[in-house]
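Naming convention: chains lettered A, B, ... in sequence-line order (proteins, then strands); numbering from 1 in each chain.
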Number of protein chains: 2
Amino acid sequence: MSIPSEPNPDLLEPVKVALTPQQRFNDYLQSRSMRNTEQRRSVLDCVFKQHDHFDAEQLLERLPAKGEPGHVSRPTVYRTLGEFVDAGLLRKFVLDGRSVYEHDYGYPQHDHLYCIKCEKLIEFQSEELLKLRDEVANSHQFQVRSHRLIISGVCQDCRKGRRRVRRKVDLI
Amino acid sequence: MSIPSEPNPDLLEPVKVALTPQQRFNDYLQSRSMRNTEQRRSVLDCVFKQHDHFDAEQLLERLPAKGEPGHVSRPTVYRTLGEFVDAGLLRKFVLDGRSVYEHDYGYPQHDHLYCIKCEKLIEFQSEELLKLRDEVANSHQFQVRSHRLIISGVCQDCRKGRRRVRRKVDLI
DNA sequence: TTGAATGCAAAGGATTTGCAGAGGC
DNA sequence: GCCTCTGCAAATCCTTTGCATTCAA
């Protein structure tokens with residue numbers, strides 16, 4: 001399953017979708033006469049096995065090691081992640097100099113709080129923000145395609161916990 | 001002068017500040033026993049001569065060429081930009097894989113519309129956004145340090161003008 | 001069979017670093 | 001004079017690319 005069934009207060013409600021990510025990706029491949037390879041299947045399974053944010057490096061560590069079945073090389077991981085973004089399965093954004101990916105398909109639009117101490121990403125949804133975004137765009141005759149809001153600061157846990165680590169430069 | 005005096009509808013109203021960027025940077029240097037070098041002066045003048053967004057490459061092109069007085073090497077430009085960010089003179093954010101800088105000192109908080117066609121950045125201010133940001137943070141017991149909102153799309157000029165260029169991946 | 005996909009090694013672009021010499025204070 | 005700064009060259013990090021080989025359809 002692609003969507004965790006355990007209730008988790010940190011996760012937003014999944015959106016109802018007709019197809020599994022696998023089925024949707026198959027459609028995407030067929031529509032472009034691309035091939036359903038073992039590597040693409042392996043990466044897709046790995047990506048949708050857990051719901052979290054990850055970068056290419058983390059995905060590589062999570063995939064089977066070299067020599068194991070299901071192993072995928074670094075260039076292919078990068079290529080495949082780009083395909084998932086194109087296919088609408090993943091969204092990509094940049095944090096601290098590297099690309100971070102998150103589930104898009106079957107998951108609602110949202111934005112993030114980013115803890116500069118523990119680097120945790122906390123998701124939140126805001127209708128109001130969308131309205132505000134569209135109003136601003138309208139007033140500039142600007143046609144919106146997407147937006148990205150990241151609020152940086154210190155999360156609840158890190159405020160309570162050990163002393164705060166000060167960084168020289170914000171990461172966003 | 002650091003703040004342009006010509007009225008420009010695309011610029012927000014400058015904030016009243018007691019010191020010039022030069023004076024403020026001198027204070028910063030002295031407070032850290034850092035030195036007021038010709039290179040730092042040259043970069044500072046260049047950066048505050050015009051109000052716009054720029055990256056390290058563009059700044060290098062704008063600075064005097066190698067051999068000319070006021071020339072600054074690439075590593076020093078990078079080092080100096082970091083100091084300006086620390087000193088609160090500049091803000092930095094990442095767009096399309098490179099770091100972009102803009103005036104912070106003497107300039108009000110704002111966010112951006114980003115045209116994915118002509119790569120223009122349009123500034124806007126929204127009290128409402130700040131309120132919304134603080135509400136969201138509050139509800140997560142999150143201590144805000146900063147935020148970054150970029151709305152991507154197509155600007156007025158590019159909508160009217162020539163046909164739109166489609167990109168494979170959004171840049172934010 | 002045949003074009004698409006993979007893995008390797010190598011390139012790429014932006015940024016950073018080690019270090020010897022230059023230069024503020 | 002001391003200690004910071006600079007410039008150079010080289011390294012680093014993340015990501016992409018060229019190309020011969022492998023493989024799905």
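Following rounding to the nearest Å, A:L81 (CG) and C:dT6 (P) show an atom-to-atom distance of 12 Å. Remark: C1' of C:dA5 and OH of A:Y78 are 19 Å apart, rounded to the nearest angstrom. In this entry the distance linking CZ of A:R40 with P of C:dT6 reads 5 Å, nearest Å. C:dA14 atom C1' lies 15 Å from atom CG of B:L59, rounded to whole Å. One atom, CG of B:D96, and another, P of C:dT15, lie 11 Å apart when rounded to the nearest Å. For A:R32 and C:dA4, the CZ to P distance is 14 Å, given to the nearest whole Å. We find that CG of A:L60 is positioned 11 Å from P of C:dG7, with the value rounded to whole Å. For the pair B:D55 CG and C:dA14 P, the interatomic distance rounds to 8 Å; values are reported in whole Å.
Rounded to 10 degrees, the angle between the two end axes of the helix from C:dT1-D:dA25 to C:dC25-D:dG1 is 30°, with five pairs used at each end.
Toward the 5′ end of DNA chain C lies the nearest nucleotide of A:S33, the other residue of the pair A:S33 and B:S99 mapping further downstream. Taking for each of B:R79 and B:R35 the nucleotide of DNA chain C with the nearest heavy atom, the 5'-most of the two is the partner of B:R79.
Contact annotation: B:K92 side-chain N/O to C:dA14 OP1/OP2 distance is not under 4.0 Å. Contact between the side-chain N/O atoms of A:T37 and the OP1/OP2 oxygens of C:dT6 is found at a separation under 4.0 Å.
Side-chain atoms of A:R41 come within 3.5 Å of backbone atoms of A:N36 as a donor-acceptor pair (strictly under, hydrogens ignored). Using modelled atom types, one side-chain atom of B:Y105 and one backbone atom of B:L19 make a donor-acceptor pair closer than 3.5 Å. Remark: the backbone N or O of B:A87 is paired with a side-chain donor or acceptor of B:R24 at under 3.5 angstrom.
Taking a heavy-atom distance under 4.0 Å as the criterion, the stretch of DNA chain D touched by chain B extends 5' to 3' from D:dC3 to D:dA9.
With 3.5 Å as the limit, one finds a donor-acceptor pair spanning the side chains of A:D111 and A:H147.
Counting non-hydrogen atoms under 4.0 angstrom, B:R74 reaches a base of the nucleic acid. Within 4.0 Å of A:N36, counting heavy atoms only, lie sugar-phosphate atoms of the nucleic acid but no base atom.
Remark: A:Q39 engages A:T37, A:V72, A:T76 in a side chain to side chain contact (heavy atoms under 4.5 Å, CB included) (not counting sequence neighbours).
Using a 4.0 Å cut-off between a side-chain N of Lys or Arg and a carboxylate O of Asp or Glu, A:R98 and A:E57 do not qualify as a salt bridge.
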Does the pair A:D52 and A:L121 meet the rule for a side chain to side chain contact (heavy atoms under 4.5 Å, CB included), with working shown? CA-CA 9 Å; A:D52 57 358; A:L121 282 165; over 6 Å; no

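Only one option out of B:E102, B:E119, B:K120 pairs with B:H53 in a side-chain hydrogen bond (donor to acceptor under 3.5 Å, both in side chains); it is B:E102.
Surrounding CD of A:E68 are more than 12 heavy atoms belonging to other residues, nucleotides or ligands, all under 6.0 Å away.
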